[in-house]
Amino acid sequence: MRPREIRVVERLQPAPDCVELVCEFPEDEGPQSGQFYMLSVGDGRDTYLPRPFSFYRVFSPRRLSFLFRVVGPGTRFLAGLRPRDRLQAMGPLGRGFPLPDGPERAVLVAGGVGVPPLWSLARSLLGLGCEVTALLGARTRSAVLGRPELEALGIQVLTATDDGSMGHRGPVTELLGGIEADGLYACGPEGMLRAVRDIAAARPLPRTYLALEAAMACGYGICLGCAVERAQPDPALGAYGTYARVCREGPVFRWDEVRI
Ligand SMILES: Cc1cc2nc3c(=O)[nH]c(=O)nc-3n(C[C@H](O)[C@H](O)[C@H](O)COP(=O)(O)OP(=O)(O)OC[C@H]3O[C@@H](n4cnc5c(N)ncnc54)[C@H](O)[C@@H]3O)c2cc1C
Ligand code: FES
């Protein structure tokens, strides 16, 4: 797969340190929720390698957005882009969220900047007749991302903040206590994913899927830089069967597939 040139058509700033770039692709895209793109972030020393980003909203087959928090040189470069600027995108990459066979009670859990892969998932689940609830967690009110965008889809959205400035005070996973679910779909910090995994194991809730993040160099399975330990080694893969590549076998894994 080769990188393609995409064009920024709109730049939004939903939070002080977060930017959403709406981008025009050269042809129709049909990524699966949870898949990602490697985006070029300039050609400086610190930003030689592209960075992985889930796609966020889908405005038309050629128009997708990316939502990110500025944490380092790559995201700083992206945040500096303006409408008409161009960048390279390789993707869609990886394995996204598997959809249920029919209607279910689906609960989406996002922590921090975990909402991007869940917006299009919410839309797909609604299309299948699912009852969808989204739980959004963040440090504080201004860091809660994606609430109006998810509410615009017509789903119930509950929030939790560490300081209690919006919604429940405490970890977002505490909201799961009072909610019935057939399917759980989560993206966020590792601690939150571990809590979701533990809930999946305790209920039990086999249809629980976690979108993992890992540092990535290539994004398509060659460098092995993104490896995570499998819960059960795959004997068919010999010495490599102990690990799974987040970029290739993931980034979405069932809760019991990998050790996090
Ligand atoms: C499949 C996938 C999808 C992603 N989707 C999004 C998204 O939609 N929005 C978004 O904001 N970010 C997303 N990320 C994370 C994003 O790739 C990193 O934030 C970005 O690469 C940071 O680049 P940088 O050059 O700005 O910072 P760097 O200098 O590379 O890193 C700055 C700081 O962030 C930490 N960091 C870097 N990458 C990650 C990571 N993957 N997870 C946790 N901490 C990290 C570093 O350890 C360092 O402390 C995704 C990552 C993966 C693997
Ligand atoms: S990023 Fe290179 S193998 Fe996954």
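We number each residue from 1, following the sequence as shown. As the structure lists them, so they are numbered: ligands from 1, and atoms in each ligand from 1.
- Remark: E24 does not engage R62 in a salt bridge, criterion side-chain N to carboxylate O under 4.0 Å.
- For ligand 1, the atoms lying closer than 4.0 Å to a non-hydrogen atom of P116 are 8 (O).
- Compare Q35, R51, R69, M38 by their heavy atoms: the one nearest to atom 21 (O) of ligand 1 is in R51.
- Of all atoms in ligand 1, listed by their number and element, those nearer than 4.0 Å to a heavy atom of G74 are 24 (P), 25 (O), 26 (O).
- Enclosure of atom CD in Q13 by more than 12 non-hydrogen atoms of other residues, nucleotides or ligands within 6.0 angstrom is indicated.
- Backbone and side-chain nitrogen or oxygen atoms of T75 are examined, and one is located within less than 3.5 angstrom of a nitrogen or oxygen of ligand 1.
- Contact detail for L49 and V41: the closest heavy-atom pair is O-CG2, 3.5 Å.
- Distances from atom 4 (C) of ligand 1 to the heavy atoms of P50, S65, P52 show the closest one on P52.
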Determine, stepwise, if the pair D17 / R69 fulfils salt bridge (charged side-chain N to carboxylate O under 4.0 Å, His left out).
CA-CA 6 Å; D17 56 351; R69 172 158 290 137; 3.1 Å; yes
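- What you find for I155 and V132 is that their closest heavy atoms are CB-O, 3.4 Å.
- Around atom 2 (Fe) of ligand 2, the protein contributes the following N, O or S atoms at distances under 2.8 Å: C218 SG, C223 SG.
- Residue contact check: L67 has heavy atoms under 4.0 Å from atoms 7 (C), 8 (O), 9 (N), 10 (C), 11 (O) of ligand 1.
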Indicate every side-chain donor-acceptor pair of residues 224-235 with a distance under 3.5 Å to a residue at least two apart or in another chain.
residue : atom : partner : partner atom : Å
E229    : OE2  : R259    : NE           : 3.4
R230    : NE   : G241    : O            : 3.2
R230    : NE   : Y243    : O            : 3.0
D234    : OD1  : A236    : N            : 3.1

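- Nearest heavy atoms, G221 versus C247: N-SG, 3.2 Å.
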All N/O donor-acceptor pairs, side-chain side in residues 115-131, below 3.5 Å, sequence neighbours left out:
residue : atom : partner : partner atom : Å
W119    : NE1  : E149    : O            : 3.3
S120    : OG   : S33     : OG           : 2.8
S124    : OG   : S120    : O            : 3.1

Show me the donor-acceptor pairs, under 3.5 Å and distance only, between side chains in residues 89-101 and residues at least two apart or in other chains.
residue : atom : partner : partner atom : Å
R95     : NE   : E249    : O            : 2.6
R95     : NH2  : E249    : O            : 3.0
R95     : NH2  : V252    : O            : 3.4

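- In F68, the parts holding a heavy atom less than 4.0 Å from any atom of ligand 1 are both the side chain and the backbone.
- E20 and R57 are joined by a salt bridge, as a carboxylate oxygen and a charged side-chain nitrogen come within less than 4.0 angstrom of each other.
- Ligand 1 places these atoms under 4.0 Å from at least one heavy atom of V113: 10 (C), 11 (O).
- Atoms of ligand 1 lying under 4.0 Å from at least one heavy atom of A214, given by number and element, are 41 (N), 53 (C).
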